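First comes the structure, then the notes that go with it.
Atoms within a ligand are numbered from 1 in the order they appear, just like the ligands themselves. Quick caveat, the model's predicted, so the values are computed rather than measured. Both backbone and side-chain heavy atoms feed into the values below; hydrogens, waters and symmetry mates do not.
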Amino acid sequence: MTVVERLLVGGDWVEAADGRTSPTFDPSTGGQLATFSEAGAEDVEDAVAAARHALSAAAWRGLTPDARGRLLWRVAELLERDAEELAELETRDVGQPIAMSRGVNVVLAAQVFRYYAGWATKLEGKLSSVSVPGTLHYTRREPVGVCALITPWNFPLAIAAWKLAPALATGNTVVLKPAEQTPLSTLRLGALCLEAGIPAGVVNVLTGGPEVGQALVAHRDVDKVSFTGSTEVGQQIVAAAAADLKRVSLELGGKAPSIITRDADIDAAVVGNLQGALFNTGQACGAYTRFYVDRARVDEFTEKIAAASTTLPMGRPLDPATVLGPLISQEQLDRVAGYVRSGVDQGAQLVAGGDRASGPGLDDGYFFTPTVFTGVGDDMTIAREEIFGPVLSIFAYDDVDEVVARANDSDFGLASVIWTRDLVTAHTLAERICAGTVFVNQLPLIDPGAPWGGFGLSGWGREMGTFALDEFTETKGVWVNLAS
Ligand code: NAD
């Protein structure tokens, strides 16, 4: 008999009310990995009602900040206890190389819980300096309420954690909705929250497709939506949330520019850019994708990065030596191949890759070779749209003002990177680039203490750090008449 992964609603593991299920697949083989419950309208009602009830129940609302912080700390410990199992589960479901799921994804999830455990006891209002005699005014920070946390398939556990931990630290209750391609680690996270002692109904998990997300966004009893995913869906969420002016925060797509100046250490830039472009096989919102190289160094950079791109071990994601795994699905493989074809058709020169990968262990999975284009025009599709795959585009530039204008000529503004040995260049460009994050001589990094989010079509708001505390709280002002 097939085991069906259940929904977590009000502290109970339940099958979908209408009994519907869906499969999830191993992207490295195309084989079915598990079957999960597909939540329907009734399950959405139940989960939102459970979260609403838990919000004001004494078991949650009555907890001291210290007790709430301890619960989050316990989740971090449990994530670390089960780190190996979680990393394997994530690797099977996402196709993410085990070195990445073990060393980044699961580690980050635990770090984020520990970081926000500390914040539970440090949420403070302020005494306001109002000019009304005989009056006391102060502010309180209160939970927004019931939060729908909707996540994508590329780093399911880490992204769920970086929404869930600040939501809980600030006293909210949640319905978590993982992507339909990768539900498994989020279900385990729900189980660990229960094991940690988080009261029933505070964390609910609904698996299923876009219609589950849509129902949550449309639900009048959901106060906030925190979404990570594509820009297109982010725009749909904003439109749907307008009816009741739900609070919305959005972490959307990216098209990160990488500026390699004339004085850059080219060998370091090749290694860093290759990792920055290809981590998680290019399926990362912060991935470096547009490489603007000083014309004096562009041939050297192109030759070296194209050669290096062919040396990265590609294979089974559970092999610790694997750097490049499969793409998430046949659909994503077709999408990436379509972008590569458009690059060729629009006149860019392919200098490495460009095809589905084949060979022992690769033929059944969704593997694509790392692909490098040079001579890319600023208006080509591959220069403008988010590909979300292992495709690098190289451009030559002549002066600083020009490269700033071209790097900023994008609808997106999530991450960016500058490669230079000159401090003045580094800080001047850091100020002029329009992006939520600027890295200097760095891989794209995420840390609980550093804000993450974007300009323009890359989204609204910031996650991590104190910024996420603002996203998950409302400010209330209290006026007290001291004169009477
Ligand atoms: P997606 O937008 O297709 O789906 C994301 C989630 O939204 C899934 O859970 C999906 O079921 C749900 N969903 C789909 N339609 C919905 C709707 N109309 N209403 C509510 N929910 C809906 O994204 P994806 O393909 O899973 O992920 C890839 C995208 O995520 C890329 O664009 C990438 O850049 C972005 N991303 C951004 C960040 C960031 O921090 N900025 C991080 C990771 C991924």
Side-chain angles (χ1 to χ4, degrees), residues 22 24 27 36 38-39 44 93-94 96 104-105 108 112 148-163 175-183 185-186 205-219 222 225-242 246 248-256 279-289 327-329 331-332 335-336 339 385-389 410-416 435-437 444-446 450-464 467-468 471:
S22 286
T24 175
F36 63 88
E38 180 87 29
V44 170
D93 210 10
V94 182
Q96 181 170 83
V104 178
N105 197 343
L108 182 61
V112 166
L149 312 180
I150 304 176
T151 58
W153 47 257
N154 63 335
F155 280 89
L157 184 68
I159 294 177
W162 84 48
K163 295 181 184 307
V175 181
L176 250 174
K177 208 300 272 176
E180 53 277 25
Q181 298 87 345
T182 55
S185 60
T186 306
V205 183
L206 293 183
T207 49
E211 59 291 347
V212 182
Q214 281 165 345
L216 287 168
V217 175
H219 202 295
V222 170
V225 177
S226 174
F227 172 76
T228 298
S230 61
T231 293
E232 191 188 352
V233 171
Q235 289 164 326
Q236 290 167 16
I237 287 175
V238 169
K246 272 188 181 65
V248 175
S249 47
L250 304 168
E251 300 290 340
L252 308 176
K255 191 74 186 168
F279 75 101
N280 209 34
T281 318
Q283 301 170 114
C285 51
Y288 303 159
T289 61
L327 301 179
I328 187 73
S329 61
E331 185 191 356
Q332 188 68 5
R335 200 167 160 263
V336 171
Y339 276 115
E385 295 185 12
E386 183 185 45
I387 299 175
F388 226 58
S410 170
D411 293 334
F412 299 105
L414 187 63
S416 60
T437 299
L445 300 170
I446 297 254
W452 182 251
F455 292 18
L457 290 190
S458 291
W460 282 352
R462 295 290 179 273
E463 297 195 297
M464 307 295 190
F467 302 87
E471 300 286 346

Pairs of nitrogen or oxygen atoms closer than 3.5 Å, one from Trp153 and one from ligand 1: do any exist?
yes

Write out the residue and atom name of the closest protein heavy atom to atom 42 (C) of ligand 1, then the distance separating them to 0.1 Å.
Cys285 SG, 2.9 Å

For Trp153 and Phe388, take the angle between the two ring planes, folded into 0 to 90°, and tell me which bin it lands in: parallel under 30, tilted 30 to 60, perpendicular over 60.
perpendicular

Give a yes or no on whether the backbone of Leu327 and the side-chain of Gln283 come within a donor-acceptor separation of less than 3.5 Å.
no

Below a 4.0 angstrom heavy-atom separation, can you tell me which part of Leu252, side chain or backbone, both or neither, approaches ligand 1?
backbone

Could you give the distance from CZ (Phe279) to OH (Tyr288), rounded to the nearest 0.5 Å?
8.0 Å

Inspect the contact between Arg462 and Glu471 and indicate whether a charged nitrogen and a carboxylate oxygen are less than 4.0 angstrom apart.
no

Please state whether Pro178 comes within less than 4.0 angstrom of ligand 1, counting heavy atoms only.
yes

Atom 4 (O) of ligand 1 within contact range, any protein heavy atom under 4.0 Å
no

Polar-atom distance check: Ser458 versus ligand 1, any N or O pair below 3.5 Å?
no

Compare Gly229, Ala240, Pro210 and give the one whose heavy atom is closest to atom 13 (N) of ligand 1.
Pro210

Could you check atom 40 (O) of ligand 1 against the protein and tell me its nearest heavy-atom contact, residue, atom and distance included?
Trp452 NE1, 2.9 Å

Starting from atom 21 (N) of ligand 1, what is the nearest protein heavy atom, named by residue and atom, and what distance separates them?
Gly213 CA, 3.5 Å

Out of curiosity, is Val212 lining ligand 1, as in a heavy atom under 4.0 Å away?
no

Do ligand 1 and Phe388 have nitrogen or oxygen atoms that lie under 3.5 Å from each other?
no

Please report whether ligand 1 has a polar contact with Glu180, defined as an N or O pair separated by less than 3.5 Å (distance criterion only).
yes

Please identify each residue that fulfils salt bridge (Lys or Arg N to Asp or Glu O under 4.0 Å) with Lys255, with sequence neighbours left out.
none

Atom 16 (C) of ligand 1: closest protein heavy atom, distance to 0.1 Å, is Val233 CG1, 3.3 Å

Could a heavy atom of Phe227 be found less than 4.0 Å from some atom of ligand 1?
yes

Main-chain N/O of Gly254 paired to Glu386 side chain as donor or acceptor, under 3.5 Å
yes

Please work out whether any backbone atom (N, CA, C, O) or any side-chain heavy atom from C-beta onward of Gln236 is under 4.0 Å from ligand 1, and answer side chain, backbone, both or neither.
side chain

Can you find an N/O atom of Gln181 closer than 3.5 Å to an N/O atom of ligand 1?
no

So with a 6.0 Å cut-off around CD of Glu211, is the heavy-atom count from everything else above 12?
yes

Run the side-chain hydrogen bond (donor to acceptor under 3.5 Å, both in side chains) test on Asp93 and Ser185 for me, step by step, so that the C-alpha distance in whole Å, both residues' side-chain angles and the decisive distance to 0.1 Å come before the verdict.
CA-CA 8 Å; Asp93 210 10; Ser185 60; over 6 Å; no

Suppose we measure from atom 31 (C) of ligand 1 to each protein heavy atom; which comes out shortest, and what is that distance?
Glu386 OE1, 3.4 Å

With a heavy-atom distance limit of 4.0 Å, tell me whether Thr151 approaches ligand 1 through its side chain, its backbone, both, or neither.
backbone

If you measure every N/O of Trp162 against every N/O of ligand 1, is any gap under 3.5 Å?
no

Any N/O pair Ser230/ligand 1 closer than 3.5 Å
yes

